[in-house]
Amino acid sequence: MRLFNTLTRQLEEFAPSRDNTVRMYTCGLTVYARGHIGNFRTFVCMDVLRRALKYVGGWHMHHVVNFTDVDDKTIAGAQQEGVSLREYTDRYIAAFHEDAAILGLEPVEDMPRATDPANLEAMGNMIKALDERGHTYVSEGSVYFKISTMPDYGKLARLHHEGMQAGARVDADEYAKDDARDFVLWKATKPGEPTWDVGVGPGRPGWHIECSAMALRLLGEAPIDIHAGGVDLIFPHHENEIAQSECATGRQFSRFWVHAEHLLVDDKKMSKSLGNVYSPKDIVDHGHRVSALRYLLLSSHYRKQLNFTWSGLAQAEESLTRLTDFLARLQSLPPGEAHPAVVERVDAARQAFDSALGDDLNTAAGLAAMFDLVRVINGAIDARDVSSTDATAITDLFTHFDSVLGVISLRRAEDETPPVPVEEIEQLVEARKDARRRRDFGEADRIRKDLEARGILLEDGPQGTRWKRA
RNA sequence: GGCGCCGUCGCCAAGUGGUAAGGCAGAGGUCUGCAAAACCUCCAUCCCCGGUUCAAAUCCGGGCGGCGCCUCCA
């Protein structure tokens with residue numbers, strides 16, 4: 001499996017370093033607000049990476065996705081609402097789980113939160129290790145990482161210090177630093193803020209330390225295999241994680257760094273002032289299905305910016321329908337032997353799909369392999385060259401496709417709760433069948449239009465009438 | 001000011017040296033009580049200008065256009 005490594009800016013052959021288990025860490029959500037579709041673009045991409053490693057690469061996963069549940073925004077939010085930090089962040093963690101479920105994210109092995117005692121302790125230990133090795137200094141009660149003690153600082157982001165002066169907005173931190181580029185490991189306690197004592201003075205974690213500490217605590221000895229997140233995290237977050245982890249352990253932190261590009265909305269970055277920040281739930285409130293959003297996210301490469309539009313979502317909806325219509329059609333094929341021509345096509349499609357996904361997660365090419373198969377098999381069905389035995393093989397292959405893409409199963413789950421009760425639909429389909437038998441097409445069409453208005457489509461075929469959600 | 005990415009059919013989107021995948025939309029046809037679905041046919045020479053090469057959307061140079069990072073951010 002080939003993956004683009006931000007560290008080298010090249011495609012590299014990936015395999016886990018030990019035990020056939022991929023040790024992967026994805027930077028998760030800061031839980032001061034409900035996650036938006038931009039956040040979820042990253043999470044869906046990493047979910048597909050995770051699934052591809054499992055179901056195409058054949059490896060086991062130990063995948064950690066964290067919650068940042070303490071920072072300026074969470075503290076401010078909790079204070080504003082007069083609730084505890086824990087209570088405040090619990091809400092958004094619950095919302096995340098809700099949205100993750102409707103988007104079909106596969107549960108990961110660990111979802112730690114920064115303020116859990118074991119994690120805070122791990123942070124304290126890492127800071128102590130850094131201190132022993134001479135990488136820290138204390139200023140006004142806060143502990144800082146001293147960049148000048150790390151010669152290869154900047155290797156991930158590849159930022160050159162000279163160029164940073166001219167137009168860069170210099171960090172107007174409220175804490176004093178020796179060098180503008182130094183970053184805080186542990187922030188001194190301020191009145192009214194939550195505080196912990198983990199052996200480096202009372203205070204709270206700096207942003208970067210939590211990921212380093214949790215990744216190594218949960219995934220074991222450095223280097224881990226993959227560290228992932230959105231592109232905006234490359235600097236400073238991931239760069240600083242590398243600095244802390246490598247200076248504390250003396251070893252490489254992560255072998256691969258994988259970054260998902262941003263999602264734009266109507267060609268603009270999402271922002272509250274533009275009113276274009278949507279959560280997965282907003283997609284539903286706009287009358288769309290979340291499966292269409294997942295499909296849309298899959299339809300372009302994870303390292304390219306993706307422009308979200310409502311019409312793009314509608315197109316995704318139609319494309320996905322073509323796949324599910326095809327699978328429905330496979331249900332009613334006559335029994336018989338497997339056809340060699342079909343078997344050959346199925347094998348070719350599997351190969352094309354796996355090779356696309358194994359090539360730096362080329363989901364768009366993977367989808368094309370699926371549609372190629374759909375077209376060919378549809379034609380073969382019309383020619384009566386597909387048996388139920390073939391159908392089983394094809395269905396199995398689609399199960400494989402979807403183990404990685406996770407979009408068809410999502411759509412099916414949605415279909416289980418149609419806008420009209422299934423019993424009523426079936427009753428009306430029966431009534432319409434009678435009407436058609438009587439050649440009372442007026443009544444038959446009336447029933448169909450009535451159901452259509454309520455979100456149910458009827459299709460007459462040789463095997464009878466099939467219904468589906470609009 | 002520094003670093004980097006992108007520009008392929010009306011829309012979305014693969015392809016990165018060998019003569020343009022796939023999806024949506026559209027046109028015509030087959031099938032159907034009518035629809036829908038399905039199938040068949042049609043629908044691009046790759047932002048512009050130079051260069052390298054037998055051969056370039058793919059490599060190099062220069063433009064034009066869009067975007068990102070350098071600051072909290074997926």
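We name chains A, B, ... by the order of the sequence lines, and we start the count at 1 in each one.
No donor-acceptor distance shorter than 3.5 angstrom exists from the side chain of A:E452 to the backbone of A:L457, with no hydrogens or angles considered.
Phosphate proximity of B:rC39 to A:N378: present, with a side-chain N or O under 4.0 Å from OP1 or OP2. An OP1 or OP2 oxygen of B:rC69 is reached within less than 4.0 angstrom by a side-chain nitrogen or oxygen of A:K269. Contact between the side-chain N/O atoms of A:R466 and the OP1/OP2 oxygens of B:rA36 is not found at any separation under 4.0 Å.
A distance cut-off of 5.5 Å between ring centres, combined with a plane angle under 30°, leaves A:F371 outside any stacking arrangement with the base of B:rG22.
Dense packing is recorded around CZ of A:R432, with more than 12 heavy atoms of other residues, nucleotides or ligands lying under 6.0 Å away. Around CD of A:Q351, the count of heavy atoms belonging to other residues, nucleotides or ligands within 6.0 Å does not exceed 12.
Nearest-nucleotide positions on RNA chain B place A:L306 closer to the 5' end than the other of A:L306 and A:E459. Residue-to-nucleotide proximity on RNA chain B shows that, of A:S300 and A:G442, the 5′-proximal contact is made by A:S300.
Here A:S299 lies in heavy-atom contact (under 4.0 Å) with sugar-phosphate atoms only. Residue A:R448 is classed as a base contact, given a heavy-atom separation below 4.0 Å to a base. Residue A:I381 is out of contact with every strand shown, counting any heavy-atom pair closer than 4.0 Å. Residue contacts for A:H301: at a heavy-atom cut-off of 4.0 Å it reaches the sugar-phosphate backbone alone, with no base atom in range. Across all strands, A:R34 comes closer than 4.0 Å to no nucleic acid atom at all (heavy-atom distances). Within 4.0 Å of A:D445, counting heavy atoms only, lies at least one base atom of the nucleic acid. Residue contacts for A:M270: at a heavy-atom cut-off of 4.0 Å it reaches a base atom on one of the strands shown. The residue A:L233 sits close only to the backbone: its heavy atoms come under 4.0 Å of sugar-phosphate atoms, none of a base. Among the protein residues, A:L458 comes within range of the nucleic acid bases, having at least one heavy atom under 4.0 Å from a base atom. Within the 4.0 angstrom heavy-atom criterion, base atoms lie near A:G38.
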Please write out the pairs of protein N or O atoms and N or O atoms of nucleotides 4-10 of chain B separated by less than 3.5 Å, giving the distance to one decimal.
none

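Side-chain contact check for A:I381 versus A:R329: some heavy-atom pair is nearer than 4.5 Å.
Taking the C1' atom of each, B:rG61 and B:rA25 are spaced 39 Å apart, rounded to whole Å.
Between the P atom of B:rC11 and the CG atom of A:L296 lies a distance of 16 Å, rounded to the nearest Å. As a whole-Å value, the separation of A:L297 CG from B:rG23 C1' is 16 Å. Between the CG atom of A:L264 and the P atom of B:rA13 there is a distance of 11 Å, given to the nearest Å. The nearest whole Å value for the distance from the NE2 atom in A:H238 to the C1' atom in B:rC69 is 14 Å. Taking atom OH of residue A:Y278 and atom C1' of nucleotide B:rA74, one finds them 18 Å apart after rounding to whole Å. Taking atom CZ of A:F183 as the reference point, atom C1' of B:rC72 lies 16 Å away to the nearest angstrom. Atom CG of A:D460 is separated from atom C1' of B:rC31 by 13 Å (rounded to the nearest Å). Spacing between atom NE2 of A:H259 and atom P of B:rG68 amounts to 18 Å, rounded to whole angstrom units.
The base of B:rC72 does not come close enough to the side chain of A:D232 for any donor and acceptor atom to sit less than 3.5 Å apart. For A:R436 against B:rG33, a side-chain N or O and a base N or O form a donor-acceptor pair under 3.5 Å.
Across all strands shown, nothing is found opposite B:rC34 as a Watson-Crick or G-U wobble partner with both distances under 3.5 Å. Base pairing of B:rC39: its partner is B:rG29, meeting the Watson-Crick or G-U wobble criterion (both donor-acceptor distances under 3.5 Å). Pairing partner, B:rA21: none, since no Watson-Crick or wobble contact has both distances short of 3.5 Å. Base pairing analysis places B:rC59 opposite B:rG51; the two distances defining the Watson-Crick or G-U wobble pair are each below 3.5 Å.
Seen from the ring of A:F4, A:R9 does not count as a face-on cation partner, given the 6.0 Å and 45° thresholds.
Closest approach of A:G455 to A:P419, counting heavy atoms only: O-CG, 4.0 Å.
Residues meeting the side chain to side chain contact (heavy atoms under 4.5 Å, CB included) test with A:T363, sequence neighbours left out: A:V48, A:L357, A:L405.
Checking B:rG22, B:rC72, B:rC70 against every side-chain atom of A:A368, the shortest atom distance belongs to B:rG22.
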